[in-house]
Amino acid sequence: MLFDGLNQSRDFDAIQSLFEELVQESSGNEVSLFSAYNRVIQFLAKAEKLEVSFCCFKKAQDYGFKIDTQTYNDLMMLFLNKSLPYKAFEIYESMQAAGCLLDGSTYELMIPSLAKSGRLDAASKLFQEMKERKFQPGFSIFASLVDSMGKAGRLDTSMKIYMEMLGSGLRPSATMFVSLIDSYAKAGKLDTALRLWEEMKAAGFRPNFGLYTMIIESHAKSGKLDLATSIFKEMEKAGFLPTPSTYSCLLEMHAASGQVDSAMKLYNSMINAGLRPGLSTYTALLTLLANKKLVDVAAKILLEMKSMGYSIDVSASDVLMVYVKDGSIELALRWLSFMGSSGIRTNNFIVRQLFESCMKNGLYESAKPLLENYVNSAAKVDLILYTSILAYLVRCQEEHNERHLMAILGATKHKAHAFMCGLLTGPEQRKQPVLLFVREFFQGIDYELEEGAARYFVNVLLNYLVLMGQINRARCVWKVAYENKLFPKAIVFDQHIAWSLDVRNLSVGAALIAVVHTLHRFRKRMLYYGVVPRRIKLVTGPTLKIVVAQMLSSVESPFEVSKVVLRATGDSVMEWFKKPIVQQFLLNEIPSRADILMHKLNILFPSSAPEIRSLTPPKPLIAGKGI
């Protein structure tokens, strides 16, 4: 009676003081005050006196007083309301240890709390225990378990509990439908999500804005564009304005699937709604238009993108790169012209790519302005690019194209071009012998950085010089290249056993010059110094075998042809070297049959060959013409 009176007057300090007195007086005697101290703890818990109520609870436990179910429930409710679930679980564990049976209200309290805190196994155990004790779970228990199991990815369990709830006669709420649909959609199980969506509408619930957005985007991202578009239209009819994210998702997925009309309709609808497309949306749309070769539409979209405040240089260059990679050179040139007229800059890498594509397709007139633009923008033409242009000149068979290619070589402003011009002039203009001139050029090459490029340059240059009939100059180039160890393993002297020359990695012109020049070196060693090896090998590989064999057969060489090697004994070669015709052959020049030289040329340089040509002799080049 005292505790009830103090509780009505809200004098909780007096309640605590009286409780302390009660505990002191009742300890040691057998007086049962079960109702009194349980009532005190309940009063304090309901008054949200957290620390005091828990302290009284612990004292009651310490003195061995029996705690009833209502007291446990009130304490657990207090801690849960104060966002201290771990303390509520501690009290629940005390309740279990004391052998106190849970009642229906305890289950209703603990199962949702355990589920929401992620202790799903404990929640499931209590749920099963509750049903075994013939308590009927309420809606809050079903709702919390369906939601928590779904969010944790336990979709089968979530659906099982949902179906059990329906079987018990309870009806799902809009919140439960949203939770289930969200869980299944995020897990990619869109058929189940869509079935629940229809059940939700059939139950009289109206999907909210967030649910529309989620179901549309999940279907769009999974490629179900027709269904996503249908729900999108339904969303608009329901009076919801789609977010930029929803528009962008639909537009980008339509763009990825190549549906131009649908993507453009969505874009225009987005603009008309006053929404600002994101950068990824513009990128997807421009890529689609580029792939569909709709240059004018892409240009319009790009300028609208600029008006929205975006930087468009990178996006414009990306479109240009699409055309370059696709081999649509004319469209690429049109797009580049549009970029120039609109004041949009591109990077030198793409300009170079477009230049190389123009060269590959024989569009030399279009290539020259690109190269000039490349050079004028402070980009540097490297030796590889210069050599690739020279390779086109080697293969060129039309005189007007030769003039274009010579102009392009001049536009590179590369030091190799000045070397080429000087190499083909007379000594009075060079003011130094050709061998010294060649050595000076090759001394200026940084071999740590450009060894591969220099090797490529020598191969193509020797093709060109042989075609031009400049054999002595070609021999000087080979000699200097070998001195600078560009082909360190080409010549091998194995004492008196075997001498060999390996030309497998050389171009046709370089191989022919290397064979003649090296045989001349072998001849000097054998005749002047009397050193004769047992055998001599020319390692040609299958590609150059015919070329070298045809050249040597014109002077009756003793070399026998096998699969990849021309070989002869040292003695037979020694006798062959003594013939006057061989001396003249090795000192002066090699046969200039164009069909021999062009044999397999396109196979050796496929990257720079504009087309696969036949082996018919090309039109002779005019000797002495400038580059």
Side-chain angles (χ1 to χ4, degrees), residues 383 386-387 390-391 393-394 406 409 414-447 450-491 493 501-503 505-525 528 538 544 547-548 551-552 582-594 596-597 604 621-627:
L383 187 57
Y386 181 86
T387 306
L390 182 61
L393 182 61
V394 170
M406 290 175 184
L409 284 169
H414 194 277
K415 62 182 182 180
H417 188 65
F419 166 70
M420 289 283 292
C421 293
L423 185 63
L424 294 173
T425 58
E428 63 281 355
Q429 292 172 285
R430 274 197 314 270
K431 297 180 181 178
Q432 62 184 141
V434 64
L435 185 60
L436 182 59
F437 179 73
V438 172
R439 279 189 175 132
E440 281 188 0
F441 171 75
F442 278 92
Q443 284 171 359
I445 295 176
D446 184 348
Y447 290 100
E450 295 186 296
E451 182 178 349
R455 197 176 293 120
Y456 177 37
F457 176 65
V458 168
N459 274 304
V460 177
L461 175 58
L462 290 176
N463 273 345
Y464 180 72
L465 292 175
V466 171
L467 267 182
M468 294 288 287
Q470 302 295 323
I471 305 305
N472 288 331
R473 288 177 171 83
R475 292 178 72 158
C476 288
V477 170
W478 169 256
K479 179 179 177 67
V480 173
Y482 185 76
E483 288 173 354
N484 284 278
K485 298 181 180 179
L486 286 176
F487 306 98
K489 297 180 181 179
I491 302 173
F493 292 101
L501 168 67
D502 190 339
V503 297
N505 295 322
L506 302 181
S507 66
V508 177
L512 297 179
I513 292 296
V515 168
V516 173
H517 187 78
T518 305
L519 288 176
H520 179 63
R521 286 186 63 189
F522 289 174
R523 182 177 181 275
K524 286 174 66 176
R525 282 198 172 212
Y528 298 164
L538 303 176
L544 292 168
V547 183
V548 175
M551 178 186 71
L552 294 178
V582 176
Q583 181 180 4
Q584 182 182 359
F585 163 69
L586 296 177
L587 288 176
N588 294 321
E589 57 183 62
I590 61 177
S592 58
R593 289 177 56 191
I596 295 177
L597 180 66
L604 292 177
L621 297 175
I622 303 171
K625 62 186 175 183
I627 297 180

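Predicted model, so just to flag it, every value in this text is computed and none were measured.
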- Message: Any non-hydrogen side-chain atom of Tyr464 less than 4.5 Å from a side-chain atom of Met420?
- Response: yes
- Query: What closest approach, in Å, do Leu544 and Ala511 show between heavy atoms, and which atom pair accounts for it?
  - Reply: CD1-CB, 3.8 Å
- Query: Are Phe493 and Phe522 an aromatic pair by the rule of ring centers under 6.0 Å?
  - Reply: yes
- Query: Under the side chain to side chain contact (heavy atoms under 4.5 Å, CB included) criterion, do Ile471 and Leu465 qualify, and how do the steps go?
  - Reply: CA-CA 7 Å; Ile471 305 305; Leu465 292 175; over 6 Å; no
- Is Tyr456 close to Leu383 at the side-chain level, that is, under 4.5 Å between some pair of heavy atoms? no
- Could you check if a side-chain atom of Ile491 sits within less than 4.5 angstrom of a side-chain atom of Arg521, using non-hydrogen atoms only? yes
- Query: CD1/Ile513 to CG/Leu506 distance, rounded to the nearest 0.5 angstrom?
  - Reply: 11.0 Å
- Inter-residue atom distance Phe487.CZ - Asp502.CG, 0.5 Å rounding: 11.5 Å
- Message: Angle between ring planes, Phe457 versus Tyr386, binned at 30° and 60°: parallel, tilted or perpendicular?
- Response: tilted
- Heavy-atom closest contact (Val503 atom, Ala514 atom, distance): CG1-CB, 4.2 Å
- Item | Minimum heavy-atom distance Gln432-Glu440, with the two atoms named | NE2-OE2, 3.4 Å
- In sequence, state the C-alpha distance, the side-chain angles, and the governing distance for Glu483 and Arg439, and then conclude on side chain to side chain contact (heavy atoms under 4.5 Å, CB included). CA-CA 9 Å; Glu483 288 173 354; Arg439 279 189 175 132; 2.7 Å; yes
- Message: For a quick test of reading the model, state the closest non-hydrogen atom pair linking Val394 to Val460 and the distance between them.
- Response: CG2-O, 4.0 Å
- Taking the side chain from Arg523 and the backbone from Gln583, do they hold a donor-acceptor pair closer than 3.5 Å? no
- Taken to the nearest 0.5 Å, the spacing of Thr387 OG1 from Leu393 CG works out to 12.5 Å
- Task: Give the intermediate values and the outcome of side chain to side chain contact (heavy atoms under 4.5 Å, CB included) for residues Leu512 and Val516.
- Result: CA-CA 6 Å; Leu512 297 179; Val516 173; 5.7 Å; no
- Note on the structure: Between Asn463 and Gly509 the two heavy atoms that sit nearest each other are OD1-N, 2.6 Å
- Test item: Lys415 side-chain N/O and Gly444 main-chain N/O as donor-acceptor pair under 3.5 Å: yes
- Spacing of Arg475 atom CZ and Leu435 atom CG [to the nearest 0.5 Å]: 12.0 Å
- Message: If you define the side chain from C-beta out and look only at heavy atoms, does anything of Thr425 sit under 4.5 Å from Phe437?
- Response: no
- Item | Heavy-atom closest pair, residues Ala510 and Asn459 | CB-OD1, 3.5 Å
- Out of curiosity, Trp478 CH2 to Leu486 CG, how far, rounded to the nearest 0.5 Å? 9.0 Å
- Query: How long is the gap from CD on Gln443 to CG on Asn484, to the nearest 0.5 Å?
  - Reply: 7.5 Å
- Message: Exactly one of Val477, Leu424, Leu423 should register a side-chain contact (heavy atoms from CB on, under 4.5 Å) with Gln470. Which one does?
- Response: Leu424
